[in-house]
2 protein chains.
Amino acid sequence: MAGEDRAEGSEKSGHLDFPRPLTTVDVVIFSIRDDRLQVLLVQRPAGEGEPFPLTLALPGGFVDVAKDRDLAACAARKLKEKTGVTSPYLEQLGSWGSASRDPRGWSATHAYFALIPEEAGVLTSDARWFPIRDGRLKEKLAFDHGDILASAIQRLRNKVEYTSLPAYLMPPEFTLPDLQRVYERVLDRPLEKSAFRTRILSADMIEPVAKMRRGPNRPAQLYRLKKNSEPVYFVRTFNPPE
Amino acid sequence: MAGEDRAEGSEKSGHLDFPRPLTTVDVVIFSIRDDRLQVLLVQRPAGEGEPFPLTLALPGGFVDVAKDRDLAACAARKLKEKTGVTSPYLEQLGSWGSASRDPRGWSATHAYFALIPEEAGVLTSDARWFPIRDGRLKEKLAFDHGDILASAIQRLRNKVEYTSLPAYLMPPEFTLPDLQRVYERVLDRPLEKSAFRTRILSADMIEPVAKMRRGPNRPAQLYRLKKNSEPVYFVRTFNPPE
DNA sequence: CTAAGTAAGTTGGACTGTACAACTAACTGT
DNA sequence: ACAGTTAGTTGTACAGTCCAACTTACTTAG
């Protein structure tokens, strides 16, 4: 930051009394629920002077310079406050800043996206899950949160093509068909069973546990994520449609 | 942004008089010069109260809420001020914010990265090119700019594996061996000639011009980028060296 | 005029991994 | 026993890379 070469406009080198943008952090929290990709949203407060009262929005809020050591900690704090989840997959998505996105003035938000398993998540009362259908959300959101969410969905889909990210949406133990189904729910298209198995198994990211999932048909091997939780990058995408 | 659900710490809902972080934009500007990947750096000013006086840093500075409509415009402005380039490849890299990265207080920077051709770039006197060797810069940088640059290099390398990004480093007309050489300079490893040609030509991103590059040996076909300047994404990476 | 040198561009066989589809395996319920 | 269902395997076709040898088109030295 701060490579201000000489005073520009209201920037007086050495003085810091020029106007500063509002600074916030927002979190796009994804999960698979009811066999669908869903996103966690909150309702804007209705108080005096609040922008977008009662409109749906991403969970987030102002950076607290006293409480938050850095941006990632701020995002983790907001995620925890809403869901109780403490160690999710949390990745920075980007930032959005402009004079017009918030009626209260020039503002910039740092957006993160998180993936959490279905079981995790004891929600606070003001947060609710909303399904992503046909790659987008039906509801309108406050601020430019619709743009941010669209960007998050696109990023998630892109990365799911060539990474192991969906593993972070899984419960501790799962079968290969379970995992494939999650890939398919996120990508919204079917994948080849044999190619999928080959790819995942040769990626050395999961290991079998000594149990089978039993059901009304042939039992399936249960797996869990290996210790090192870094996502795996494949050298090919799944063959794209068309 | 701004999903502050109720007052937290110094956040008083409806009031905006709590402390705000400093907000800056920094730009990592890459180019190929002298057959090497290089990055544009400036020297920090030496004035009273300036952090990291005379240290090398990324070009950047405070967001000017009066002058800059949004973050991308601010980044484009800083790029133009330093290089004169107006329509480069400009992509958001991420943001870095913490209590400790700037001695003047809690600060957050929005980092961008730009790719410009060798010819472009009439530099201002305070900016200079520095080579990236072995995937990193030898010099130490101010603030956390070393981290930001490392992140930019990694992102560039990752994307070069499976996109047409290096096309934005090329002059208006170039040969396929020219382009391959730029890929190789960024990735710092040799690529297969025949596979490279097959991939690039089938991507429908360049078109031949009715000219050949002549030299001391067999002439090479000249190409130019096609009109639509969106980067192309390949479904495979170049096979990695593992 | 020819021969050596060099870089551009092509060709072919081995290999890897996906696409597609048919197959076998293991269980439940009737 | 047998139909139904899902798990998991196998085999052929194909696409694209890897590797290496090859042809092509030019310059320059002798």
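Both backbone and side-chain heavy atoms feed into the values below; hydrogens, waters and symmetry mates do not. Note on naming: letters A, B, ... go to the chains in the order of the sequence lines (proteins, then strands), and numbering restarts at 1 for each one. These numbers come from a predicted model, not from an experiment.
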How many whole angstroms separate atom [atom1] of [X] from atom [atom2] of [N]?
| X | N | atom1 | atom2 | answer |
| --- | --- | --- | --- | --- |
| A/Leu179 | D/dG8 | CG | C1' | 15 Å |
| B/Tyr223 | C/dA8 | OH | C1' | 10 Å |
| B/Arg181 | C/dA7 | CZ | C1' | 12 Å |
| B/Glu161 | D/dT17 | CD | P | 12 Å |
| B/Gln221 | D/dA25 | CD | P | 13 Å |
| B/Tyr183 | D/dT17 | OH | C1' | 15 Å |
| B/Arg213 | C/dG9 | CZ | C1' | 15 Å |
| B/Leu222 | C/dA8 | CG | P | 12 Å |

Counting only pairs under 3.5 Å, give me each side-chain donor-acceptor contact of residues 131-139 of chain A, with atom names and distances, residues two or more places apart or in other chains.
none

Minimum heavy-atom separation for B/Leu191 to B/Glu184, with atom names? N-OE2, 2.9 Å
Kindly give the heavy-atom pair with the smallest separation between B/Val160 and B/Phe238, and that separation in Å. O-CE1, 4.0 Å
Residue B/Arg236, side-chain atoms from C-beta onward, closest of C/dA8, D/dT17, D/dG8: D/dT17
Listing, residues 201-209 of chain B side-chain donor-acceptor contacts under 3.5 Å, not counting sequence neighbours, or none:
unit_1, atom_1, unit_2, atom_2, d
B/Ser202, OG, B/Thr198, O, 2.9
B/Ser202, OG, B/Arg199, O, 3.2
B/Asp204, OD1, B/Lys226, NZ, 2.6
B/Glu207, OE2, B/Arg224, NE, 3.1

Polar atoms only, N or O, under 3.5 Å: list the protein pairs with nucleotides 27-30 of chain C and their distances.
unit_1, atom_1, unit_2, atom_2, d
C/dC27, OP1, A/Arg214, NH2, 3.4
C/dT28, O4', A/Pro216, O, 2.8

Not counting sequence neighbours, which residues clear salt bridge (Lys or Arg N to Asp or Glu O under 4.0 Å) with B/Arg197? List them please. none
Which residues in residues 191-203 of chain B have at least one heavy atom lying under 4.0 Å from any atom of DNA chain C? B/Lys193, B/Ser194, B/Arg197
Check whether any side-chain N or O of A/Asp70 sits under 3.5 Å from a backbone N or O of A/Ala72 as a donor-acceptor pair, and report yes or no. yes
Let me see the working for A/Glu81 and A/Arg77 under salt bridge (Lys or Arg N to Asp or Glu O under 4.0 Å), right down to the final yes or no. CA-CA 6 Å; A/Glu81 286 170 2; A/Arg77 173 172 67 87; 3.1 Å; yes
For A/Tyr223, which residues count as a ring-ring contact (aromatic ring centres under 6.0 Å, His included) partner, sequence neighbours excluded? none
Between B/Asp147 and B/Arg101, does at least one N-O distance fall below 4.0 Å, as a salt bridge requires? no
